[in-house]
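All remarks here apply to the structure that follows.
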There are 2 protein chains.
Amino acid sequence: MARRTKEEALETRNSLMAAALEQFCEKGIARTTLSDIATAAGVTRGAFYWHFKNKAELFEALWAQLRNPLDELADISENPQEPQPLEKLRELIVLLLQMVVSNPVHQQIFRLMINRNDLDGELQEIGAHMQLMHGQFRARTERILINAIKRGQLPADLPVELAAFMLHSMVDGLIANWFAGDTRVDMKAQASVIVDAMLVMLRQGFGDSAALVAESPIVS
Amino acid sequence: MARRTKEEALETRNSLMAAALEQFCEKGIARTTLSDIATAAGVTRGAFYWHFKNKAELFEALWAQLRNPLDELADISENPQEPQPLEKLRELIVLLLQMVVSNPVHQQIFRLMINRNDLDGELQEIGAHMQLMHGQFRARTERILINAIKRGQLPADLPVELAAFMLHSMVDGLIANWFAGDTRVDMKAQASVIVDAMLVMLRQGFGDSAALVAESPIVS
DNA sequence: TGATACATACAAACGTGTATGTATGTAAAT
DNA sequence: ATTTACATACATACACGTTTGTATGTATCA
């Protein structure tokens, strides 16, 4: 077979990207070959090289699509006038956790971000970009925490940098470990419980009294 | 040059392993070639193939050494008679965090464990083994939590599985994010503060009152 | 008829594994 | 104490499979 109509060509291009995404998530970017992608898409490498210069260009196109949901998510709660910043933060993290475990597209995004370490050569820029988004998320969390402090919803002496780092690390770890599959935890159902516990940590975990917790009996 | 004395041969073997470990941590296992290792060790691939069958065998030898510190760490607090399990858990996690940021050997271990996803082919067994150690750590945490509940140091209605999952995820995330380098947090100095906050979360984060935290003002 | 949308064929690079060469240590024979 | 014989500890060279990139062929759309 040979030349198709424009729509059919677009279809094969989309097939290539979809197949690539799937394989990237399964085996990682480095270990999926162009033949893998082409075969999975039902074409040959010829088709691939017609639509893309190389694997890096395809991944850039992929990432340009995939980052949209993340960008949207990031924009949700960036309002310094928000009267209930802590509640908004709660909703944001719950939403994030639930999306990751239920929405396959988001699963793919986060799988790629978790394995962003194997981005070499021309893909390093994208890896740096992921790193940047990662950092922006933390900065955003910090701003929300500061806003919450201003509004008396978090203690004034909360170490903001540290707290944001811990929050962010915990979310990352939860997602990564859920992906690793060593969990019998139903994260979709428990997301609220998880985030509530995190917020309690923010509100009561950093005072002077916190240091004595391990030694004393519970007060209930 | 050719045949050396036995001691010199052992030296080159050690050089190969040390060079390999360094490269593995830098570029990942998959992306370091046998030439990389040999060159970094100041020899050729001939020397490599004399001492090791292939990259997998070298990594197995490496891991056999590196897992020792982890095994020791795991054995520390496995005592059901421990009267202060929560305090022991606190010490364990603080120790873990501080070791990771200060001890280069432990850094290498955890770098390898974090990137255990790129273990393919013959190395999958080791990847599975790492996964297993990972799971055992969580099981151990669960047992400590149960012991702490028995001794009235944690609330009886604590969801043990979930709490252990969260603890574990947070530690993983902290280490991974600290490695990622996007942190101005001095984790060695703050380790105590971090773990104290985590324990507050365990003690007070899972009750019915926790769900209302985001909406109410702080009580201080 | 010419540009398009591929498939096919080919060349080059890279990494692995193995076969071979070789100088040296080492133990036994003399 | 030498010499001899062999195992050792590598370096070098080659054969192979795999992946990439490109060049070419070709049917079809427009």
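Owing to the predicted nature of the structure, the values given are computational and were not obtained by experimental measurement. Letters go in sequence order (proteins before strands), and every chain restarts at 1.
The side chain of A/Y49 has D/dT22 as its nearest neighbour among C/dT8, D/dT12, D/dT22. Distances were taken from every side-chain heavy atom of B/T12 (C-beta onward) to each of C/dA7, D/dC10, D/dT20; the shortest belongs to D/dC10. Among C/dC6, C/dA9, C/dT16, the nucleotide with an atom closest to any side-chain atom of B/L34 is C/dT16. Of the candidate nucleotides C/dT16, C/dA7, D/dA11, C/dT16 has the atom lying nearest to any side-chain atom of B/T33. Which of C/dT18, D/dA11, C/dC6 sits closest to the side chain of B/R45 comes down to C/dT18.
Following rounding to the nearest Å, B/E11 (CD) and C/dG25 (P) show an atom-to-atom distance of 15 Å. Going from atom CD of B/E122 over to atom P of C/dG15 covers 18 Å, rounded to whole Å. For the pair B/K27 NZ and C/dC14 P, the interatomic distance rounds to 14 Å; values are reported in whole Å. Rounded to a whole Å, the CH2 atom of A/W50 is 11 Å from the P atom of C/dA3. If you measure from atom CZ of B/R31 to atom P of C/dT16, you get 14 Å, rounded to the nearest angstrom. Between the C1' atom of C/dG15 and the CG atom of B/N54 lies a distance of 13 Å, rounded to the nearest Å. Taking atom CD1 on A/I37 and atom C1' on C/dC6, their separation rounds to 17 Å, with Å as the unit. Rounding to whole angstrom units, CZ of residue A/F48 and P of D/dT22 are separated by 12 Å.
Contact annotation: the side chain of A/T32 never approaches that of A/E26 to less than 4.5 Å [non-hydrogen atoms, C-beta and beyond]. Contact of the B/N177 side chain with the B/V185 side chain is not registered, since no non-hydrogen atoms from C-beta on lie closer than 4.5 Å. For the pair A/Q107/A/M99, no side-chain contact is recorded, criterion being any heavy-atom separation below 4.5 Å from C-beta on.
For the pair A/R111 and A/F179, the cation-pi test (distance below 6.0 Å, angle within 45°) is passed.
Ion pairing between A/E142 and B/R184 holds under the 4.0 Å rule for side-chain N and carboxylate O.
Applying the 4.0 Å criterion to OP1 and OP2 of C/dA5, one finds that A/H51 has every side-chain N and O outside that range.
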